[in-house]
Amino acid sequence: MARDELAGLIERAALAAQARGLLPDVKLPEFTVEPPTRAEHGDYATNLAMRLARAARMSPTAIAATLIQSLPANDVIACAEVAGAGFINLTLNPQWVARRIAKILEVDGAYGNNSTGGGRRVQIEFVSANPTGPLHAASGRAASLGAALGNLLRASGWQVELEYYVNDAGSRLAVFGESILARYLAARGVTGPRTEVPKEGYLGEYVTEYATHLAAEHGDRFEVMAIEDAIPLLARMGAEHMIERHRADMAALGIEFDVWFREQSLHDSGDVTAIVDELRQRGHVADRDGAVWFQTTALGDDRDNVLVRSNGTPGYMTADIAYHRNKFITRGFDKVIDIWGADHQGHVGRMKASMQAIDLDPERLTILLHQMVVLRRGAEVVTMSKRQGNIIALSDVIEEVGPDACRFFFLTRSADSQMDFDLELAKRQAADNPVYYVQYSHARTSSILQVASSRGIDPPTGADAAPYSHPGEIALVRFLIHYPQVVADAATDLEPHRLTFAAQELASLFNAFYRDCRVLPSDHVPLDTATVRSRLLLVAATRAVLAHVLSLIGVSAPDRMDRSDEPTE
RNA sequence: GGCCCCGUAGCUCAGUUGGAUAGAGCGUUUGGCUACGAACCAAAAGGUCGGGAGUUCGAAUCUCUCCGGGGUCACCA
């Protein structure tokens, strides 16, 4: 990547200067090499001279001058100059840049990838909603985040597995079964207390719909059955039904999980009881009030947690510890990323503590929290309670605004930032979604290449690489050169939202280039062949990078867009 | 009350991990198609970066403190 190459040259300059006694022999500090905010400051700028000033006891500008003098011979940097308080502004060699642009096409879709993952295995677990109801719109955030992060890490040389954890064994499930039974009996024409949904039960319309469907399909089957048998059976059937709907929603968003992991499997295999024994052996357990407690306070958490309730059933956390043990020890992932909503924030410390308790390095587990999505219909804030049933279903959102707009939208804010989601607004603004701006630019590149081809102009190749000089070309080229670094940094920092911003910036740069720099000759604008070919190369390179970033985000890169494709009514 | 996230243009949000004159989209005003796609482009207006103090060559970014918004503190998940 350009930045690494430049940093290497700068570092060699510093070492050379030290060897010749031009700079004192101090340890080199961390320094940055990055595109400056202002174009006239060159392609890249480094702050090494300023960072070195204190230890070297020299003025930053003097150090900068010395570093420039000591730069080794190379074909990357065309010009280096001292600026401001001691910055070194670097201008890339136009020949080198042109060759780099040509390479974008030669590597065939791989431009933008990096190998920082080094083939290590990472698992990303996300969404993992309870199968007691349909996914609500807010789940789109975790889904978009997780899927894009997976793409990002895969493009960075990681072996990625996407996983959905299905809580098919929790105590909520029984309540779900009771809720279904009540609605089912009502649908069968039964009256009285048996048709009342339990106190903490699920009141959503979807329960009634499902129960009515059951009544039609199965007749009196669950009515004549013993209630102790009917509840777990209905719970299981209802859960399977919901899981299929979750799967369908994810598929509609273009997200396919490698593994749908069942909590029940951990109970069946004995892993859940085994983890309690293991924790006891390691001395992290206390028996109190008839329950078994995990002494997380001893590990820095603010309270202890129940492993086995006094009624003998395992606590929520017990299966979760067994689950994470399974991820690391049974399946051997090098790294695990869990994506949780901010409402689970309090659980982070406990999870880390439990890693420590079973002798796993907590650093291998990253818990990525995203802030809440506030759902509303116009001015009315809609609660996200699945129990109350007053939800905006994710499937409705996908249907209304389309998968591309949905995926892109949820990545237009950083995970740390709270998000308002207004379904009415989303519908109305579907056509204004920035995803279309980016896709339009991609279609435009395709169109230009198409027109060129129809006029008998050969597709551009590496042989067309020639220095770019127009400001519109240069701004675009700069972005393309820097792009792989954007991907690498977003992957390192686990911040996929940078992709949507990068995509919009690239589209904007391309559109400005398109206005200022004619690519194909016309009656009004004659162009020499070399210019046409080098610009065509730039268009093709832009197209490749737009396609790359769109694929990381998880949306399509269409070659044409028609107004009639608008998802508005 | 403890812990976590946020507070940046009228609105919604970025801000390359401490750098040069703080940016984008939407909205407002104005201009641009007989041209490779106008779902586009350009210009203008719009800011005590919540307030205050500190750290240093340099702070939207780091520390402390206060104010405001959200989340969370169960033998629920």
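In what follows, chains carry the letters A, B, and so on, assigned in the order in which the sequence lines appear, proteins first and then strands, with residues in each chain numbered from 1.
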(message) Strictly below 4.0 Å: does S522(A) bring a side-chain N or O up to OP1 or OP2 of A35(B)?
(response) no
(message) In whole Å, measure the gap between the C1' atoms of G54(B) and G18(B) for me.
(response) 15 Å
(message) Suppose you measure atom P in U56(B) against the same atom in C3(B); what distance do you get, rounded to whole Å?
(response) 27 Å
(message) I'd like to check the ring pair (Phe, Tyr, Trp, His ring centres under 6.0 Å) partners of Y483(A); sequence neighbours left out, ordered by chain and number.
(response) H548(A)
(message) Below 4.0 angstrom, which residues in residues 290-297 of chain A have at least one non-hydrogen atom near RNA chain B?
(response) A291(A), W293(A)
(request) Nearest whole angstrom, please: distance from the P of C36(B) to the CG of L536(A). (result) 15 Å
(request) Determine the interatomic distance between P on U48(B) and the same-named atom on U8(B); round to the nearest Å. (result) 11 Å
(message) Among residues at least two apart in sequence or on other chains, which ones pass side chain to side chain donor-acceptor pair (under 3.5 Å) with R515(A)?
(response) none
(request) Please report, rounded to the nearest Å, how far the C1' atom of G2(B) is from the CZ atom of R350(A). (result) 12 Å
(request) Using modelled atom types only, decide if a donor and an acceptor are shared between the side chain of S417(A) and the backbone of S414(A) within a distance under 3.5 Å. (result) no
(request) Report the residues that fulfil salt bridge (Lys or Arg N to Asp or Glu O under 4.0 Å) with R350(A), sequence neighbours left out, ordered by chain and then residue number. (result) D301(A), D302(A)
(request) Figure out the CZ/C1' separation between F479(A) and A24(B), and round it to whole Å. (result) 13 Å
(message) Taking only the P atom of each, what is the distance from A53(B) to U61(B) in whole angstrom?
(response) 13 Å
(request) Tell me what S310(A) touches on the nucleic acid: a base, only sugar-phosphate, or nothing, going by heavy atoms under 4.0 Å. (result) base
(request) Measure from the side-chain N and O atoms of S144(A) to the backbone N and O of F410(A), and report whether any donor-acceptor pair falls under 3.5 Å. (result) no
(message) For the C1' atoms, the ones on C11(B) and on U16(B), what distance do you get once it is rounded to whole angstrom?
(response) 26 Å
(request) For R236(A), enumerate each residue passing the salt bridge (Lys or Arg N to Asp or Glu O under 4.0 Å) test, keeping only those at least two apart in sequence or located in another chain. (result) none
(request) Give one of base, sugar-phosphate or nothing for A45(A), where a contact means two heavy atoms less than 4.0 Å apart. (result) base
(request) Verify whether one side chain among H344(A) and D338(A) offers a donor that lies under 3.5 Å from an acceptor in the other. (result) no
(request) Name the nucleic acid region contacted by V348(A), choosing base, sugar-phosphate or nothing; use a 4.0 angstrom heavy-atom cut-off, strictly under. (result) nothing
(message) Suppose we define a pair by two distances each less than 3.5 Å, Watson-Crick or G-U wobble; what does C64(B) pair with here?
(response) G52(B)
(message) Does N167(A) reach a base, just sugar-phosphate, or nothing at all? Heavy atoms under 4.0 Å.
(response) sugar-phosphate
(request) Taking all heavy atoms of A138(A) and all of V373(A), pick out the closest pair and write down the distance. (result) CB-CB, 3.7 Å
(request) Starting from P on C40(B), measure out to NE2 on H442(A) and report it in whole angstrom. (result) 17 Å
(request) Determine if F87(A) stacks with A20(B); use a centre-to-centre distance below 5.5 Å and an interplanar angle below 30° as the criteria. (result) yes
(request) Indicate whether the side chain of S556(A) and that of D404(A) have a donor and an acceptor atom separated by less than 3.5 Å. (result) yes
(request) Kindly point out which of C36(B), G71(B), U17(B) is positioned nearest to the side chain of V451(A)? (result) C36(B)
(request) Name all residues meeting the side chain to side chain contact (heavy atoms under 4.5 Å, CB included) criterion together with S354(A); count only those two or more places apart in sequence or in a different chain, and write none if there are none. (result) F294(A), M317(A), I321(A), M351(A)
(message) So D493(A), base contact, sugar-phosphate only, or nothing? Heavy-atom distance under 4.0 Å.
(response) base
(request) Would you kindly check whether a donor in the side chain of N89(A) faces an acceptor in the base of A20(B), or vice versa, at under 3.5 angstrom? (result) yes
(request) Using atom CD of Q371(A) as one end and atom P of G70(B) as the other, report the distance to the nearest whole Å. (result) 13 Å
(message) Does either side chain, that of S441(A) or that of N511(A), offer a donor lying less than 3.5 Å from an acceptor on the other one?
(response) yes
(message) Distance alone, cut at 3.5 Å: any donor-acceptor contact between the side chains of T531(A) and D528(A)?
(response) yes
(request) For V519(A), report the nucleic acid contact type (base, sugar-phosphate, nothing); a contact means any heavy atom under 4.0 Å. (result) base
(message) Tell me if C33(B) is syn or anti. Syn = glycosidic torsion within 90° of 0, anti otherwise.
(response) syn
(request) May I have the distance from D304(A) (atom CG) to C75(B) (atom P), rounded to whole angstrom? (result) 11 Å
Would you tabulate the nitrogen or oxygen pairs shorter than 3.5 Å linking the protein to nucleotides 41-43 of chain B?
residue: C41(B); atom: OP1; partner: Y437(A); partner atom: OH; Å: 2.4
residue: C41(B); atom: O3'; partner: R515(A); partner atom: NH1; Å: 2.6
residue: C41(B); atom: O2'; partner: R515(A); partner atom: NE; Å: 3.2
residue: C41(B); atom: O2'; partner: R515(A); partner atom: NH1; Å: 2.3

(message) If I pick the P atom on U28(B) and the same atom on A22(B), what distance separates them, to the nearest angstrom?
(response) 27 Å
(message) I'd like to check the side chain to side chain donor-acceptor pair (under 3.5 Å) partners of S156(A); sequence neighbours left out, ordered by chain and number.
(response) N114(A)
(request) Give a yes/no on whether any side-chain N or O of Y316(A) is located under 4.0 angstrom from OP1 or OP2 of A74(B). (result) no
Any N/O pairs under 3.5 Å between the protein and nucleotides 57-59 of chain B? List them or say none.
residue: C57(B); atom: OP1; partner: R54(A); partner atom: NH2; Å: 2.8

(message) Tell me every residue that passes salt bridge (Lys or Arg N to Asp or Glu O under 4.0 Å) with E495(A), counting only those two or more places apart in sequence or in another chain.
(response) R498(A)
Give me the distances for all protein-to-nucleotides 13-16 of chain B N/O pairs that come in under 3.5 Å?
residue: C13(B); atom: OP1; partner: Q418(A); partner atom: O; Å: 3.1
residue: C13(B); atom: O5'; partner: R413(A); partner atom: NE; Å: 3.1
residue: A14(B); atom: OP1; partner: S414(A); partner atom: N; Å: 2.6
residue: A14(B); atom: OP1; partner: S414(A); partner atom: OG; Å: 3.3
residue: G15(B); atom: OP1; partner: H497(A); partner atom: NE2; Å: 3.2

(message) Checking R535(A) now: which residues fulfil side chain to side chain donor-acceptor pair (under 3.5 Å) with it, not counting sequence neighbours?
(response) E473(A)
(request) With heavy atoms under 4.0 Å as the rule, sort A83(A) into base, sugar-phosphate or nothing. (result) base
(request) Between A45(B) and C26(B), how far apart are the C1' atoms? Round to whole Å, please. (result) 15 Å
(request) Applying salt bridge (charged side-chain N to carboxylate O under 4.0 Å, His left out), run through E424(A) and R376(A) and close with a yes or a no. (result) CA-CA 8 Å; E424(A) 298 306 319; R376(A) 52 177 73 227; over 6 Å; no
(message) With a 4.0 Å limit, can you tell me whether Y440(A) has a side-chain N or O closer than that to the phosphate oxygens OP1/OP2 of A39(B)?
(response) yes
(request) Would you tell me if any nitrogen or oxygen in the side chain of S171(A) comes within less than 4.0 Å of OP1 or OP2 on A77(B)? (result) yes
(request) Just label U17(B) as syn or anti from its O4'-C1'-N9-C4 or O4'-C1'-N1-C2 angle, using within 90° of 0 for syn. (result) syn
(message) Starting the side chain at C-beta, find the nucleotide from A38(B), C3(B), U21(B) nearest to Q345(A).
(response) C3(B)
(message) Nearest to the H344(A) side chain among C36(B), U21(B), A77(B), which nucleotide is it?
(response) A77(B)
(message) Looking only at side-chain N and O atoms, does E263(A) offer a donor or acceptor that is under 3.5 Å from a partner on N167(A)?
(response) yes
(request) Taking atom P in both A14(B) and G25(B), compute the distance separating them and give it to the nearest angstrom. (result) 16 Å
